[in-house]
Structure formats: structure tokens, C-alpha cells
Amino acid sequence: MEAYKRLLLNNQAWVKDKLAVRPDFFERTSETQKPEFLWIGCSDSRVPAEDITGVEPGELFVHRNVANMVVHTDFNMLSVVQYAVEVLKVQHIIVCGHYGCGGIKTALSRQHLGLINKWLRHVKDIYRFHATELDAIPDDEARYERLIELNVFEQVHHLAELSFVQLAWKQERRPTLHGWIYDIHTGHLKQIAKIDPGQLPHEIYVYEFPDE
Ligand SMILES: [Zn+2]
């Protein structure tokens, strides 16, 4: 059997399972979505957002890219966040990185892999911001894991720098921003950053809105 056919067969079995538990499952989920969470994760195949958090379809709005980045000129990510915040009105945004991240590993190297190097340049910047701390870590693996954590920390802070996040904070005291790491060795999630609504970033990033 060709590999892709397994996915289509799995789908048939999945539909059966869902209907066995709840006959109206698809009627219910096809009407609308009202997810409470936006998940920004890595594209890595080993970090399936719904599986590791035990949620059902309809609960997570998801954006994934290599190394779970929040890049201010990325209109794909920006559109997802803006829609999630202003239209879906999510209560929480979670940036989830993971140990063993190939994107971060590549950013630490001098490997030239083409276009992806442009994307991972943002990770090299984070290394440079934290070079004093990272250069002082003698063990390569420990330095790599620390960069994974610092990357999540910085991406969560990037969210706080977005005008539409600040506006939602001001008007509706949401969303809360979270930075998590998924440990691919144990399956556990670890919280490493949390920014509550109204916890503004450095004043250079703070916007004044017209009604002020
Ligand atoms: Zn990754």
C-alpha cells in the first residue's frame, strides 16, 4: 500500500470512532468555532498540538512555523493572531517551543540550507541578544536547550508588542500570553513565561490608540 493511503484509511476509522462516541459530533463542530486558545507552535512533526494538550477539534486555533516564531513582518502569523484576538476573541495565546528543535539547531550552526536560513536569522538574533549568558554555558546540549527556552521567551514578548494585543488588553483585559516548552524526551509541557493582560512591554513598543 502506498504510504499516503494509510492516512485516508485512518481518517475513515477516526470518523467511525468519533460518531460512535457522539453521533452529532460533526453537526456540532461544523456549525461554528469558538476556540479559547491560540497555539503558535513549531512545524516539527513530533509536536502535535491537540494530542499533547488533550483537546478536541474546535478548542485550539493553530499556527505553526519553523521554530515557533512571532516575526513582526510575517503577515501569515499576524493575520492569524489578529483574527484570533479580534474576531474569535481567544482568552489565551500559547507559544510552544520544544527541546530537540531542528530549527534552533540549524540556527546555531553555520549550515547553509537555502531560504530557511533567512527565517532562522531571527533565531541568530536572539542568540546575539543573549550571547553573554549563552557563551558562558560550556556544554553544547545545555546551551542549545537554553536557546530554545530564550527563543520562546522572546516570541511571547513579541506578542505583547503587537498593537492589536495591546488594544484587546485595554478594552477587554485579554488575552493572557504564555510561553511553554514541550520536552520531546518525556512528553511533558513546561511553563517558562506568562504575560498577563496589561503587562506592557518596553515603552518604545507601546501604542497610543485614537480614543486616548
Ligand atoms: Zn522545532
Side-chain angles (χ1 to χ4, degrees), residues 3-4 7 35 37-55 57 59-81 83-84 90 92-131 133-135 137 139-162 165 175-195:
Y4 76 92
L7 308 189
F37 311 97
L38 165 61
W39 176 277
I40 300 176
C42 183
S43 300
D44 193 300
S45 61
R46 299 164 297 175
V47 193
E50 284 89 349
D51 284 359
I52 65 174
T53 55
V55 297
E59 292 193 80
L60 279 192
F61 199 58
V62 174
H63 176 81
R64 291 169 70 174
N65 62 44
V66 173
N68 41 270
M69 305 295 287
V70 176
V71 174
H72 288 113
T73 50
D74 174 5
F75 282 92
N76 184 354
M77 178 280 302
L78 289 171
S79 303
V80 170
V81 176
Y83 184 76
V90 295
H92 301 272
I93 305 180
I94 299 149
V95 176
C96 187
H98 65 103
Y99 294 135
C101 184
I104 305 286
K105 183 149 238 165
T106 304
L108 270 171
S109 78
R110 296 184 174 198
Q111 254 185 307
H112 183 258
L113 294 176
L115 180 64
I116 189 73
N117 285 122
K118 311 289 183 208
W119 183 251
L120 295 174
R121 228 298 301 272
H122 297 291
V123 181
K124 289 182 186 284
D125 289 341
I126 287 160
Y127 190 105
R128 185 167 54 82
F129 297 155
H130 296 276
E133 178 187 343
L134 290 164
D135 287 345
I137 301 173
D139 180 64
D140 287 350
E141 189 65 20
R143 193 184 318 110
Y144 168 40
E145 293 200 343
R146 185 60 185 146
L147 180 58
I148 287 166
E149 293 169 359
L150 289 169
N151 180 52
V152 167
F153 181 84
E154 293 292 341
Q155 303 316 318
V156 175
H157 280 76
H158 286 169
L159 288 172
E161 294 159 12
L162 296 176
V165 167
T176 305
L177 312 177
H178 306 264
W180 295 354
I181 301 282
Y182 174 70
D183 189 333
I184 53 165
H185 309 292
T186 66
H188 286 293
L189 284 167
K190 175 163 94 174
Q191 301 183 59
I192 60 153
K194 179 166 173 273
I195 303 179

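None of these values were measured; they are calculated from a predicted model. One-based numbering, in listed order, for ligands and for the atoms of each.
Judged by a 6.0 Å distance limit and a 45° cone about the ring axis, K190 is not positioned over the six-membered ring of Y182.
Residues M77 and V70 are in side-chain contact: their nearest non-hydrogen atoms beyond the backbone lie under 4.5 Å apart. Using a 4.5 Å heavy-atom threshold, the side chains of T176 and I195 count as separate.
Checking H158 against Q155 by side-chain atom types alone, a donor-acceptor pair falls below 3.5 Å.
Note: W180 and W39 have perpendicular aromatic rings, judged against thresholds of 30 and 60 degrees for the angle between ring planes.
Less than 2.8 Å away from the Zn ion (ligand 1), the protein contributes these N/O/S atoms: C42 SG, H98 NE2, C101 SG.
Atom CD of E161 and atom CD of E154 lie 8.0 Å apart (nearest 0.5 Å).
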